[in-house]
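Whatever order the structure lists them in is the order used to number ligands and atoms, beginning at 1.
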Amino acid sequence: MRYFGKKSMIAAALMATTSMAQAADVEVLHWWTSGGEAAALNVLKEDLSGQGIGWNDMPVAGGGGESAMTVLRARVTAGDPPTAVQMLGFDILDWAEEGALADLNAVAAEEGWDAVVPAALQAFAKHDGKWISAPVNVHSTNWVWANKAILDELGIAQPGSWDEFVAALDAVKASGKTALAHGGQAWQDATIFDGIVLSVGGVDFYRKAFIDLDSEALGSDQMVEVFNRMATLRGYVDDNFSGRDWNLASAMVINGEAAFQIMGDWAKGEFLNAGKTPGEDFLCFRVPGSAGAVSFNSDQFAMFGVSDKDAMSAQGAMAASIMSPSFQSAFNVVKGSVPARTDVPNDDFDACGKQGMAELAAAAEADTLVGSIAHGHANRASVKNAIYDVVTAHFNGEYDAETAAEELVTAVEIAQ
Ligand code: BGC
């Protein structure tokens, strides 16, 4: 409760800076279009509406935000940027370098963001000493979601190692059900890839190959093994996987058509939205072989420079709202992610959320927290897209594992 008081004080202070007592609407560009995402978005809409700020919705579907970023570019080029934009990692820094983002230092100082936002997030939320976005959450990608009833029925224990995972996938396949629910879209293939890279080579290999972009690591035997594992997984998806949206793949696990999905913890939002309970209806566990490491992505809201005073005030109020501990708890409980602030109590989170919070803190402490390749926290968009291309081409059978590793070296070199 103590948080609400502070938040409304800040919002009131921000509003008082406007010429009129009324705040403007915010036009928000985002890609939260699935059922679980919409439920989380409502938490934000309602929070803002409680402060008299209207919501002008600009949804552009597609995980990783590639399509949203294309629309954003067109809007900015046309001289009509949205006021607030959901953004990831390096995309935020790119826009900051172009000088397009509003300076949030005043609200950040007022609320003490410096002290409560982990360094790994600040690296993308600040530019040249200025806060340029408000982190709403921390997601991580190296998760598996499982239908508990199917596992129980087939006598499958939660797999702890890669070999156990493959044995479990085999057992489900033999039962006639789909073993791995997946949507064949480049960003989804790449999301699986995040976890598989960690499972094969751990954080050192991940960093060497995908943060340092070391050619030797990119073309190494370990990378060949990564692609071998990707090909193994390809053997467990159903015939209709191509182009399927991620939330429809989640629905297959929720409905008992499929046993597993490898996906970021936004998938949990779908399970919750369908009334499912962790531990009872579904299981969450780290991609076998990747436990201890966390590949993260943080959704942030960047505010585009506007001249209208009311619009600026609404942007400040939105940023303050997003960063309040009470909002961070309420929103992330629904979204499947964990708070971007380190001082939010875990009381309202379910078992998977509590696990996610504890593992994020432990990974930050142990230096095993790495930015997601698939979700723009490892590289600039050009390199990310080059990786997408190779991973997807291999997943669809265009390259064998050796060729994929070679192609990766070339593609990353050209993209830099
Ligand atoms: C975002 C998540 C979103 C997911 C699927 C990710 O890039 O970080 O917030 O739920 O895409 O749309």
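Qualifying side chain to side chain donor-acceptor pair (under 3.5 Å) partners for Lys384, counting only residues two or more places apart in sequence or in other chains: none. Listed by chain and residue number, His182, Thr392 satisfy the side chain to side chain donor-acceptor pair (under 3.5 Å) test with Asp189 (two or more places apart in sequence, or in another chain).
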(request) Could you check Trp95 against Phe304 for ring-ring contact (aromatic ring centres under 6.0 Å, His included), going step by step and ending with a plain yes or no? (result) CA-CA 9 Å; Trp95 282 106; Phe304 274 69; 5.3 Å; yes

(message) For a salt bridge (charged side-chain N to carboxylate O under 4.0 Å, His left out) check, start with the C-alpha distance between Asp94 and Arg380, then their side-chain angles and the critical distance, and finish with the verdict.
(response) CA-CA 8 Å; Asp94 280 345; Arg380 303 264 164 188; 2.3 Å; yes

(request) Kindly determine whether Phe90 and His377 satisfy ring-ring contact (aromatic ring centres under 6.0 Å, His included), including the steps that lead there. (result) CA-CA 6 Å; Phe90 282 97; His377 281 68; 7.7 Å; no

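Listed by first and then second residue, the salt bridge (charged side-chain N to carboxylate O under 4.0 Å, His left out) pairs involving residues 228-250 are Glu225-Arg229, Asp238-Arg244 (not counting sequence neighbours).
The 4.0 Å heavy-atom shell around ligand 1 contains residues Trp31, Trp32, Glu37, Gly63, Gly64, Gln86, Leu88, His139, Trp246, Trp266, Asn297, Asp299, Lys335, His375, ordered by chain and number.
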